[in-house]
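First the structure, in the form of structure tokens, and then the observations on it.
Reminder, nothing fancy here: chain letters follow the sequence lines and each chain counts from 1.
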Amino acid sequence: MSVLQRQKQELISALETAVSAAISSGKLQVESVPEIGLEIPRDKGHGDFASNIALVMARSARKPPREVAQIILEHLPQGGIIREVEVAGPGFINFFLSNEWLYDTLRTVEMQGEAYGNCLHGAGEKVLLEFVSANPVGPMNVVNARAAAVGDTLARLLRAVGYQVDTEFYVNDAGNQADVFARSLEARYQQLINPDHPFPEDGYPGAYVTELARVLREERPDLLDLPYDERIAFCKRWGTDSMVELQKADLKAYGVEFDLWFRERDLHAAGALEAAIDLLRQKGLVYEQEGALWFRSTAFGDDKDRVIVKSDGTYTYVTADIAYHYNKLERGFEKLINIWGPDHHGYIARMKAAIQALGYSEDTLEVLILQYVALLRDGQPVKMSKRAGEFITMQDLVEEVGKDAARFFFLHRSPESHLDFDMTLAVEQSSENPVFYVQYAHARISSVLRQAGEMGIAIPTCSEVDLSLLQHESELDLLKQLAALPEELLSAALLREPHRLTRYALDLAGLFHSFYGYCHILGEEAPLRDARLVLVSNIRTVLRKVLGLLGVSAPEQM
RNA sequence: GCGCCUGUAGCUCAGGGGAUAGAGCAUCGGACUUCUAAUCCGAGUGUCGCAGGUUCGAUUCCUGCCAGGCGCGCCA
């Protein structure tokens, strides 16, 4: 339990005691006592904590809320950490506390270091987080970049709150698109020898295919000796493998590494699709119609049944995906989280149906739908056409705006918001970029600590200083922000909203910059100086921790 | 037609059953002989898309409508 939670619990207990006392004294008459809510008011003038209990009880007590509040207040235990209590507004009970709990927070941060804020909420539950899973037939796009940032940070968040998380990238290297890609690659290879060689009508026009063909020719100058079918098969395998390597490199440069790159073709090779179909058949959930084999997904709430074996005997995408998810479940994961693009939302119902058909609860699969990214330049939408081979790739984006800025920007918005990403602004206003604001706070603290070292001042620990000297409003605000981390982290993880973390970091950095403007550190008398050194050094710890979760670097100087 | 997402300040977006709805950008003033001015301090702006409903209280929850984006394949 964090310092903040403990503090809240203490006040709630006090309120419970007061309400009981008021009832037994006969001043309050209610059928039942509601759960007591306690919040940190937005407005500092409303105290450190506030409860709306009187407002909630007013009706059943048949008294005006303010009167109820006053009665409760009169029965509240006196003294202790409560410095002042008041009835305010429509009937809130506002608590003003002594600062001791804030100093305790600082001690906790010091003790726990970058583990501060973590908890065991997940109790080691095994979670598989699958994201990006871009087809290995072309460069990744900006939605992939958004998914990579969100997925990676979500994985880090879930681990921080006690889940055992594996991340996975599903490589769709066995479908139609892979075939088209193989034929495109083969044609480009042919064209290196004979420029008039025809290019498939539905082929991928991007220049990257031609570049890949050149590499292939270096590696396999004898490719044309193979019969056509074998040549295509080779191109498919070699080509998708090459694309996977490129994707891996791009993602690594972006700070994202997966625990496993799962090949669809391995499912095929292992007969996993047939096995999944057999299982569904045994359960009586498939039937033949019009020469195709159908999965009765409507039995589990889907709006229509789905073909799993086409009339030509080949499988559909969903067949492989059912086999893949079955594989995940058999590996012992208790929770499957997938991050998909908005074009896949219609796909959720059938996959949830499949999960249930396989014998698992519908809630085992959780799908997060990320909304689109509209890329802008100078405020104008960037026209992108895959056909014309014109698009901004994830690699372009990362090169242009940088890993830290790109990740921070994507993690700044809530996942379900459609977002505009103006590359011109991201680059031109780089000095105004929010990511620098946070990084600068870290660098500033580092600089102060560095100079303290040069002056021969050791960075003290909490036990060596008088923390009660930290009295300035900006200092107390900073301590409150530090106290808030555990709750913020947990809700960001449980709500799957990494952007809460970004805001937290911005708020913390803002409070620090403000403090920095009001308060000096190294120039102060030793006791105050030392207390402030402890303060900023622990702020730095938390900044590092949060930036680490965001996958953004924490520079010592800028 | 059905489904998903969005609609909050000039712009990009947070927030959220409660007290006077926020931040950044942009605009306008101030602050570097003192720990990094990539910073700070101060200033203005809102029918929270519209209409009903639930509630002591709705911008937040529910329903309907309007607007924008995206999906509804024996494609992946």
Side-chain angles (χ1 to χ4, degrees), chain A residues 37 39 41-43 45-46 50 52 55-59 64-65 88-92 94 133 135 137 172 174-178 180 264 289-294 303-304 306-321 341-349 369-372 374 376 379 409 412-422 425 429-441 443-452 454-455 474 497 499-500 502-503 506-507 509-510 512-524 529 532-533 536 557-558:
Chain A
E39 58 166 23
R42 269 202 294 263
D43 184 338
H46 297 145
N52 65 350
L55 290 153
V56 178
M57 286 176 70
R59 193 212 248 296
F92 289 100
N94 294 341
S133 298
N135 283 333
V137 299
N172 188 231
N176 271 353
Q177 294 194 11
V180 173
E264 180 187 349
Q289 189 180 312
E290 294 164 3
L293 191 70
W294 297 70
D303 24 337
K304 53 180 100 161
R306 307 293 169 177
V307 170
I308 51 175
V309 182
K310 298 186 232 172
S311 47
D312 66 1
T314 61
Y315 302 108
T316 62
Y317 177 80
V318 75
T319 319
D321 229 14
D343 50 333
H344 281 70
H345 92 265
Y347 199 75
I348 298 173
I369 296 293
L370 273 188
Q371 292 301 322
Y372 274 117
L376 310 176
F409 191 89
H412 192 191
R413 309 310 195 203
S414 79
E416 69 265 24
S417 76
H418 307 241
L419 74 83
D420 289 349
F421 195 128
D422 193 320
L425 287 178
Q429 298 184 347
S430 59
S431 64
E432 310 269 354
N433 197 307
V435 69
F436 294 115
Y437 187 80
V438 179
Q439 289 179 317
Y440 185 52
R444 265 186 153 173
I445 296 173
S446 298
S447 172
V448 170
L449 297 181
R450 199 162 47 236
Q451 285 178 56
E454 285 162 9
M455 292 161 68
S474 66
E497 292 183 347
H499 70 286
R500 288 170 178 271
T502 316
R503 299 206 78 75
L506 282 167
D507 289 344
F512 169 75
H513 287 308
S514 178
F515 155 79
Y516 193 87
Y518 285 118
C519 302
H520 279 241
I521 302 167
L522 297 178
E524 298 290 346
R529 176 198 70 197
R532 286 186 173 158
L533 282 172
V536 298
Q557 45 190 313
M558 292 172 71

Inset, instruction - Report yes or no: is the ring centroid of F92(A) under 5.5 Å from the six-membered base ring centroid of A19(B), with the two planes under 30 degrees? - result: yes
Legend entry - Minimum-distance pair of heavy atoms, taken over all atoms of A50(A) and N94(A): CB-OD1, 3.2 Å
Legend entry - Heavy-atom closest pair, residues N172(A) and A178(A): O-CB, 4.5 Å
Counting only side-chain nitrogens and oxygens, does [X] get under 4.0 Å of the OP1 or OP2 atom of [N]?
| X | N | result |
| --- | --- | --- |
| K304(A) | C74(B) | no |
| K310(A) | G73(B) | no |
| R42(A) | G15(B) | no |
| H499(A) | G15(B) | yes |
| Y347(A) | C75(B) | no |
| T316(A) | G73(B) | no |

Categorize [X] for me: base, sugar-phosphate, or nothing, with a 4.0 angstrom heavy-atom threshold over every strand shown.
| X | result |
| --- | --- |
| E290(A) | base |
| L419(A) | sugar-phosphate |
| A320(A) | nothing |
| R500(A) | sugar-phosphate |
| A50(A) | base |
| A88(A) | base |
| S414(A) | sugar-phosphate |

Inset, instruction - Record whether the side chain of S311(A) comes under 3.5 Å of the base of C74(B) through a donor-acceptor pair of N or O atoms. - result: yes
Legend entry - N94(A) (side chain) and A19(B) (base): donor-acceptor pair under 3.5 Å: yes
Nearest-0.5 Å distance, [atom1] of residue [X] to [atom2] of residue [Y]:
| X | Y | atom1 | atom2 | value |
| --- | --- | --- | --- | --- |
| F515(A) | H520(A) | CZ | NE2 | 10.0 Å |
| I445(A) | I521(A) | CD1 | CD1 | 8.0 Å |
| L293(A) | S311(A) | CG | OG | 11.5 Å |

In the structure I gave you, are the side-chain heavy atoms of [X] and [Y] within less than 4.5 Å of one another anywhere?
| X | Y | answer |
| --- | --- | --- |
| Y317(A) | N176(A) | no |
| F92(A) | N52(A) | yes |
| F409(A) | N433(A) | no |
| V137(A) | V180(A) | no |
| V309(A) | T319(A) | no |
| Q557(A) | S447(A) | no |

Inset, instruction - Any chance you could encode RNA chain B as dot-bracket? Rule is Watson-Crick or G-U wobble with both distances under 3.5 Å; [ ] for pairs crossing earlier ones, | for another strand. - result: (((((((..((((....[...)))).(((((.......))))).....(((((..]....))))))))))))....
Quantified in whole Å, what is the [atom1] atom distance between nucleotide [N] and nucleotide [M]?
| N | M | atom1 | answer |
| --- | --- | --- | --- |
| A23(B) | G42(B) | P | 11 Å |
| A26(B) | C5(B) | C1' | 28 Å |
| G68(B) | G30(B) | P | 46 Å |
| C70(B) | U27(B) | P | 33 Å |
| C4(B) | A9(B) | C1' | 28 Å |
| G46(B) | G64(B) | C1' | 26 Å |
| G17(B) | G71(B) | P | 32 Å |
| G1(B) | C65(B) | P | 10 Å |

Would you mind telling me which of [options] lies closest to the side-chain atoms of [X]?
| X | options | value |
| --- | --- | --- |
| R413(A) | U12(B), G71(B), C75(B) | U12(B) |
| N176(A) | A76(B), U12(B), A19(B) | A76(B) |
| F436(A) | A38(B), A14(B), C40(B) | A38(B) |
| N135(A) | A76(B), A14(B), G15(B) | A76(B) |

Rounded distance in Å - [atom1] ([X]) to [atom2] ([N]):
| X | N | atom1 | atom2 | answer |
| --- | --- | --- | --- | --- |
| H412(A) | C25(B) | NE2 | P | 11 Å |
| N433(A) | U39(B) | CG | P | 10 Å |
| F409(A) | C11(B) | CZ | C1' | 12 Å |
| Y437(A) | U39(B) | OH | C1' | 8 Å |
| L506(A) | G22(B) | CG | P | 18 Å |
| N52(A) | G17(B) | CG | C1' | 9 Å |
| E39(A) | G57(B) | CD | C1' | 14 Å |

Can you tabulate the close N/O pairs, meaning under 3.5 Å, that link protein atoms to atoms of nucleotides 33-35 of chain B?
{"from": "C35(B)", "atom 1": "O3'", "to": "Q451(A)", "atom 2": "OE1", "distance (Å)": "3.4"}
{"from": "C35(B)", "atom 1": "O3'", "to": "Q451(A)", "atom 2": "NE2", "distance (Å)": "2.9"}
{"from": "C35(B)", "atom 1": "O2'", "to": "Q451(A)", "atom 2": "NE2", "distance (Å)": "3.2"}
{"from": "C35(B)", "atom 1": "O2", "to": "I521(A)", "atom 2": "N", "distance (Å)": "3.4"}
{"from": "C35(B)", "atom 1": "O2", "to": "L522(A)", "atom 2": "N", "distance (Å)": "2.9"}
{"from": "C35(B)", "atom 1": "N3", "to": "I521(A)", "atom 2": "N", "distance (Å)": "2.9"}
{"from": "C35(B)", "atom 1": "N4", "to": "Y516(A)", "atom 2": "O", "distance (Å)": "3.3"}
{"from": "C35(B)", "atom 1": "N4", "to": "C519(A)", "atom 2": "O", "distance (Å)": "2.4"}

Report each atom pair, protein N/O against N/O of nucleotides 3-9 of chain B, whose distance is under 3.5 angstrom.
{"from": "G3(B)", "atom 1": "N2", "to": "H345(A)", "atom 2": "ND1", "distance (Å)": "3.3"}
{"from": "G3(B)", "atom 1": "N2", "to": "H345(A)", "atom 2": "NE2", "distance (Å)": "3.2"}
{"from": "G3(B)", "atom 1": "N3", "to": "H345(A)", "atom 2": "NE2", "distance (Å)": "3.1"}
{"from": "C4(B)", "atom 1": "O4'", "to": "H345(A)", "atom 2": "NE2", "distance (Å)": "3.4"}
{"from": "C5(B)", "atom 1": "O4'", "to": "Q371(A)", "atom 2": "NE2", "distance (Å)": "3.4"}
{"from": "C5(B)", "atom 1": "O2'", "to": "E416(A)", "atom 2": "O", "distance (Å)": "2.7"}
{"from": "C5(B)", "atom 1": "O2'", "to": "H418(A)", "atom 2": "NE2", "distance (Å)": "3.3"}
{"from": "C5(B)", "atom 1": "O2", "to": "H418(A)", "atom 2": "NE2", "distance (Å)": "2.8"}

Legend entry - 5' priority, RNA chain B, between Y317(A) and H513(A) [closest heavy atom]: H513(A)
Inset, instruction - For H46(A) and for D303(A), find the nucleotide of RNA chain B with the closest heavy atom, then tell me which residue's nucleotide is more 5'. - result: H46(A)
Inset, instruction - Please determine if R444(A) forms a cation-pi arrangement with Y516(A), meaning its NZ or CZ atom is less than 6.0 Å from the six-membered ring centre and no more than 45° off the ring axis. - result: yes
Legend entry - Main-chain N/O of V307(A) paired with T316(A) side-chain donor or acceptor, under 3.5 Å: yes
Legend entry - Main-chain N/O of Y437(A) paired to H513(A) side chain as donor or acceptor, under 3.5 Å: yes
